[in-house]
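The next block holds one structure in the form of structure tokens; read it before the comments.
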Amino acid sequence: MGKNNKGYSLVELIIVIVIMALLSGTVLFSISMIFGASAKACANDIKEALAENKVTAMGKSEAKVEIYRDASDNNIYIIQWVKEGGVWKPKKVDDAGNAVPEKVGNSRVYVAYEEKDSSTEVELTAGSSLQLCYDRGNGGFSKKSENCILCEKIYVKGGSRSYVLTLTELTGKVELELE
């Protein structure tokens with residue numbers, strides 16, 4: 001009597017399904033990590049720009065950081081400003097004297113902020129910006145200049161990662177935490 005070997009056994013089918021599940025899980029995890037890495041880089045770049053601007057403010061004059069989502073490419077950019085002779089000037093300029101923005105996040109990164117004494121997240125949408133100003137005297141955040149916002153938190157999200165930048169008004173301290 002001969003055996004009928006024309007199909008797959010149940011054990012073979014289960015092994016194939018398990019292998020496919022492991023491969024798809026690994027791919028999904030890798031994609032999540034890739035998108036999460038851009039959020040982490042964006043949060044770190046924002047934190048570094050704020051710290052750099054605080055030092056500038058304490059050494060020169062009033063200073064502010066503008067974080068915005070560009071309307072044309074939907075990426076997140078930062079421009080650092082210094083007040084010289086009563087006029088706001090960009091810290092980095094090109095040969096023509098125009099502000100040179102620093103790209104800190106791509107279009108897949110979600111950035112929002114929470115104003116002081118508010119529990120509402122305000123998302124940076126295309127064409128919108130957040131301006132954070134520093135006080136020269138103590139290095140803390142200030143609302144002395146026009147368009148400046150006293151902000152308690154900045155949220156940066158991408159992939160499966162969420163980061164929170166907590167801003168301390170009186171000292172200008174910025175703490176980065178994984179949410």
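Residues: numbered from 1 along the sequence shown. This is a predicted model, so every value here is computed, not measured.
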Check the hydrophobic clustering (I, L, V, M, F, W, Y; side-chain heavy atoms under 4.5 Å; chains of links allowed) and say if [X] and [Y] are grouped together.
X      : Y      : value
Tyr113 : Ile78  : yes
Val82  : Leu132 : no
Val111 : Ile149 : yes
Met58  : Val65  : no

### Task
Could you tell me which residues satisfy ring pair (Phe, Tyr, Trp, His ring centres under 6.0 Å) with Tyr155, sequence neighbours excluded, listed by chain and number?
none

Donor-acceptor pairs under 3.5 angstrom involving side-chain atoms of residues 118-125: please list them, not counting sequence neighbours.
{"from": "Ser118", "atom 1": "OG", "to": "Thr120", "atom 2": "N", "distance (Å)": "3.2"}
{"from": "Glu121", "atom 1": "OE1", "to": "Tyr110", "atom 2": "OH", "distance (Å)": "2.7"}

From [atom1] ([X]) to [atom2] ([Y]), nearest 0.5 Å:
X      : Y      : atom1 : atom2 : value
Arg69  : Leu130 : CZ    : CG    : 12.5 Å
Cys133 : Glu66  : SG    : CD    : 10.0 Å
Asp135 : Cys148 : CG    : SG    : 11.0 Å
Gln131 : Asn147 : CD    : CG    : 5.0 Å
Ser129 : Ile67  : OG    : CD1   : 9.5 Å

### Residue list, side-chain contact (heavy atoms from CB on, under 4.5 Å) with Ile14, at least two apart or on another chain
Leu10, Val18

Listed pairs under 3.5 Å, donor-acceptor, residues 163-179 side chains, sequence neighbours left out:
{"from": "Glu169", "atom 1": "OE1", "to": "Lys116", "atom 2": "NZ", "distance (Å)": "2.6"}
{"from": "Thr171", "atom 1": "OG1", "to": "Lys173", "atom 2": "N", "distance (Å)": "3.3"}

### Query
Would Ile19 and Ile15 count as a side chain to side chain contact (heavy atoms under 4.5 Å, CB included) if you check the C-alpha gap in whole Å, the side-chain angles of each, and the deciding distance to 0.1 Å?
CA-CA 6 Å; Ile19 290 171; Ile15 289 172; 3.9 Å; yes

Main chain of [Y], side chain of [X]: is a donor-acceptor contact present, judged purely on distance under 3.5 Å?
X      : Y     : value
Asn53  : Ala63 : no
Thr56  : Glu52 : yes
Arg136 : Glu62 : no

### Query
Do Tyr77 and Asp73 meet the criterion of a side-chain donor-acceptor pair at a distance under 3.5 Å?
yes

Distance-only donor-acceptor pairs under 3.5 Å for side chains of residues 96-106, two or more places apart:
{"from": "Asn106", "atom 1": "OD1", "to": "Arg108", "atom 2": "N", "distance (Å)": "3.0"}
{"from": "Asn106", "atom 1": "OD1", "to": "Val109", "atom 2": "N", "distance (Å)": "3.4"}

What side-chain donor-acceptor pairs closer than 3.5 Å can you find for residues 39-46, not counting sequence neighbours?
{"from": "Asn44", "atom 1": "ND2", "to": "Lys40", "atom 2": "O", "distance (Å)": "3.3"}

#### Entry: Pair Cys151-Glu115, side chain to side chain contact (heavy atoms under 4.5 Å, CB included): steps then yes or no
CA-CA 4 Å; Cys151 183; Glu115 289 187 51; 5.9 Å; no

### Message
Given the ring of Trp81, does Lys91 sit roughly above its face, with NZ or CZ under 6.0 Å from the centre of the six-membered ring and within 45° of the axis?
### Response
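Not flagged: Lys91 not positioned over aromatic ring of Trp81.
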
#### Entry: Tyr134 and Leu50: CA distance, side-chain angles, deciding distance, side chain to side chain contact (heavy atoms under 4.5 Å, CB included) verdict
CA-CA 9 Å; Tyr134 287 91; Leu50 291 173; 3.3 Å; yes

